[in-house]
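Data block below; observations after.
For the numbers below, each heavy atom of this structure counts, side chains included, while hydrogens, waters and symmetry mates do not. Chain naming here is simple, since letters A, B, ... match the order of the sequence lines and numbering starts at 1 in each.
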Protein chains: 2
Amino acid sequence: MLNDEEMQIWHMWKGSFKRIFSRVIKEMTEHTGLSEGDFGVLDRIDHFGNGKLRQQDLVDSMEWTKSRLSHHLTRMEQRGLVLRKPLDTGNGVQVIITSSGKSALDDSRPIVSKAIRKYFLDQLTEQDIELITNLAKRINLGS
Amino acid sequence: MLNDEEMQIWHMWKGSFKRIFSRVIKEMTEHTGLSEGDFGVLDRIDHFGNGKLRQQDLVDSMEWTKSRLSHHLTRMEQRGLVLRKPLDTGNGVQVIITSSGKSALDDSRPIVSKAIRKYFLDQLTEQDIELITNLAKRINLGS
DNA sequence: ATATCATGGTTGATACGTCAACCACAATAT
DNA sequence: ATATTGTGGTTGACGTATCAACCATGATAT
């Protein structure tokens, strides 16, 4: 169904991604103790919500299920990175970043940026960037 | 540390990969009940070992830790996909694909191939393929 | 012969992901 | 007023991933 060359392309692509990605994440977790998910959550609360964000909005922007987010927030709450507070106005829950969550985030940002540059951007040519941009467009249109 | 455009490249790349990859895997698991790991293990036993493979060889070719493989094989053994048998000659364990493991694998191959073509290869131009090949070379050399 | 080391594998604890079932509240229809 | 539906969130069970500690066997050095 696929010839050797086609199979190879797939494996190379998969392999490149996994290597690069795990290097970036590893660099962050080793330096700050945040997981990929932790960082994503904190980043969005900070960036889109300016310190607090409704759980459902978080679900949408993370492209996670509500279940996954709920479980993850439980763990983050336990570690003191965020708080959860029921909304006064009817249904829903506010997720609030704590000061320790905020400083973990601030510590992580430069580390993540440096790692992305080192392991990813520095490896790319102009052409690569075009490829990525075009491919992303096609993928996102295609569904 | 990173400008908006650089951040976008990263997110597009990450997003494209995750979407494509999860579509391929989902297609397989829905049709055959095999996870990505299951398929990888069975594929290698079949392809490199012709039905049986030493656990350590499996570890090497999967690029997994021995611990991860051990846990995974325990689950696969429970489901009757593989058997484990201590090697007579000293140390080590043979992992043997069962007939039900083999047929699950055979069922999966065409499904995986079709999915890779549909969600990945069909999206690529000749040029894209060349770029991916080169990129992969750079990544894999770089460590 | 026995201490030491390297290799190959297991185990337990814990974090992360997914699925299906469930619960709470609000809006709408009758 | 009360049933129905939709939205927002939780929970429990289980599969997957990682880490560190551990155990068994085989090879090497003394």
Side-chain angles (χ1 to χ4, degrees), chain A residues 18-19 21-23 25-30 32-42 45 49 52-96 104, chain B residues 18-19 21-23 25-30 32-42 45 49 52-96 104:
Chain A
K18 292 201 170 184
R19 270 189 196 75
F21 194 71
S22 67
R23 282 172 194 166
I25 299 304
K26 196 173 170 220
E27 195 118 332
M28 178 178 70
T29 59
E30 273 175 2
T32 72
L34 294 185
S35 69
E36 188 203 351
D38 298 336
F39 183 80
V41 167
L42 295 176
I45 297 178
K52 52 183 189 282
L53 205 55
R54 203 175 177 221
Q55 202 161 317
Q56 183 58 41
D57 295 336
L58 217 38
V59 160
D60 294 337
S61 94
M62 301 280 298
E63 302 185 58
W64 279 7
T65 62
K66 52 191 183 158
S67 166
R68 179 174 178 184
L69 181 62
S70 182
H71 283 304
H72 201 96
L73 288 178
T74 300
R75 292 188 299 263
M76 290 181 74
E77 213 173 359
Q78 236 120 54
R79 290 191 291 145
L81 296 170
V82 296
L83 287 176
R84 271 190 283 199
K85 214 179 67 153
L87 281 172
D88 310 328
T89 85
N91 224 354
V93 170
Q94 280 272 334
V95 186
I96 303 156
Chain B
K18 292 200 171 186
R19 270 187 197 76
F21 194 71
S22 67
R23 283 172 192 165
I25 298 303
K26 197 175 168 218
E27 196 117 331
M28 178 179 68
T29 59
E30 272 174 2
T32 71
L34 294 185
S35 69
E36 189 203 350
D38 298 336
F39 182 80
V41 167
L42 295 177
I45 297 179
K52 52 184 188 282
L53 205 55
R54 202 170 179 224
Q55 201 161 317
Q56 182 58 40
D57 295 336
L58 217 36
V59 160
D60 294 337
S61 94
M62 302 279 297
E63 301 185 56
W64 278 8
T65 61
K66 51 190 183 159
S67 166
R68 180 174 178 185
L69 181 62
S70 181
H71 282 303
H72 201 96
L73 287 179
T74 300
R75 293 188 300 264
M76 290 182 73
E77 211 173 358
Q78 236 120 55
R79 290 191 291 144
L81 296 169
V82 296
L83 288 176
R84 271 190 283 198
K85 213 178 66 150
L87 281 171
D88 310 327
T89 85
N91 224 351
V93 171
Q94 279 272 333
V95 186
I96 303 156

Is there a side-chain contact between A:Arg79 and A:Asp38, using heavy atoms and a 4.5 Å cut-off? yes

So, is A:Gln56 near the phosphate of D:dT7, with a side-chain N or O under 4.0 Å from OP1 or OP2? no

Phosphate contact (D:dT10 OP1 or OP2) by A:Gln55 side-chain N/O below 4.0 Å: yes

In whole Å, what is the span from the CZ atom of B:Arg75 to the C1' atom of C:dG17? 12 Å

Tell me which residues in residues 57-69 of chain B put a heavy atom below 4.0 Å from DNA chain C, sorted by number, or none. B:Lys66, B:Ser67

With a 4.5 Å heavy-atom cut-off, do A:Leu34 and A:Thr29 have their side chains touching? no

Could you tell me which non-hydrogen atom of A:Asn91 sits nearest to which non-hydrogen atom of A:Arg54, and how far apart they are? O-NH2, 3.2 Å

Tabulated below should be each protein N or O lying under 3.5 Å from an N or O of nucleotides 23-28 of chain D; please produce it.
none

Rounded to whole angstroms, how far apart are NZ on B:Lys18 and P on C:dG17? 8 Å

Determine: side-chain N/O of A:Arg84 to OP1/OP2 of D:dT10, distance under 4.0 Å, yes or no. yes

Rounded to whole Å, the CD-P distance (A:Glu36 to D:dT18) equals 12 Å

Using whole Å, report how far CD of A:Glu30 lies from P of D:dT18. 13 Å

Whole angstrom is fine here: how far is it from CD1 in A:Ile25 over to P in C:dC16? 12 Å

Closest nucleotide of DNA chain C for A:Gly37 versus for B:Val93: which of these residues is on the 5' side? B:Val93

Gap between atoms CD and P, on A:Gln78 and D:dT11 respectively (whole Å): 11 Å

Please check the phosphate of D:dT16 (OP1 and OP2 only) for any side-chain N or O of B:Ser35 closer than 4.0 Å. yes

Protein-nucleotide distance (A:Leu53, atom CG; D:dG9, atom C1'), rounded to Å: 15 Å

Please find the pair of heavy atoms, one from A:Lys66 and one from A:Val59, that lie closest to each other, and give the distance. CA-CG2, 3.7 Å

Please report the closest heavy-atom contact between B:Val95 and B:Ile45, naming both atoms and the distance. CG1-CD1, 3.6 Å

Check A:Arg68 with A:Glu63, please: is the shortest side-chain N to carboxylate O separation under 4.0 Å? no

Test side chain to side chain contact (heavy atoms under 4.5 Å, CB included) on B:Leu42 and B:Val82; report intermediate values, then the result. CA-CA 8 Å; B:Leu42 295 177; B:Val82 296; 3.9 Å; yes

Starting from C1' on C:dA15, measure out to NZ on A:Lys26 and report it in whole angstrom. 17 Å

Tell me whether A:Lys18 is salt-bridged to B:Glu36, with the criterion being a basic N under 4.0 Å from an acidic carboxylate O. yes

Taking ring-ring contact (aromatic ring centres under 6.0 Å, His included) as the definition, give me every residue that meets it alongside B:His72, ordered by chain and number, with sequence neighbours left out. B:Trp64

Between D:dG12 and A:His71, counting only base atoms on the nucleotide and side-chain atoms on the residue, is there a donor-acceptor pair under 3.5 Å? yes

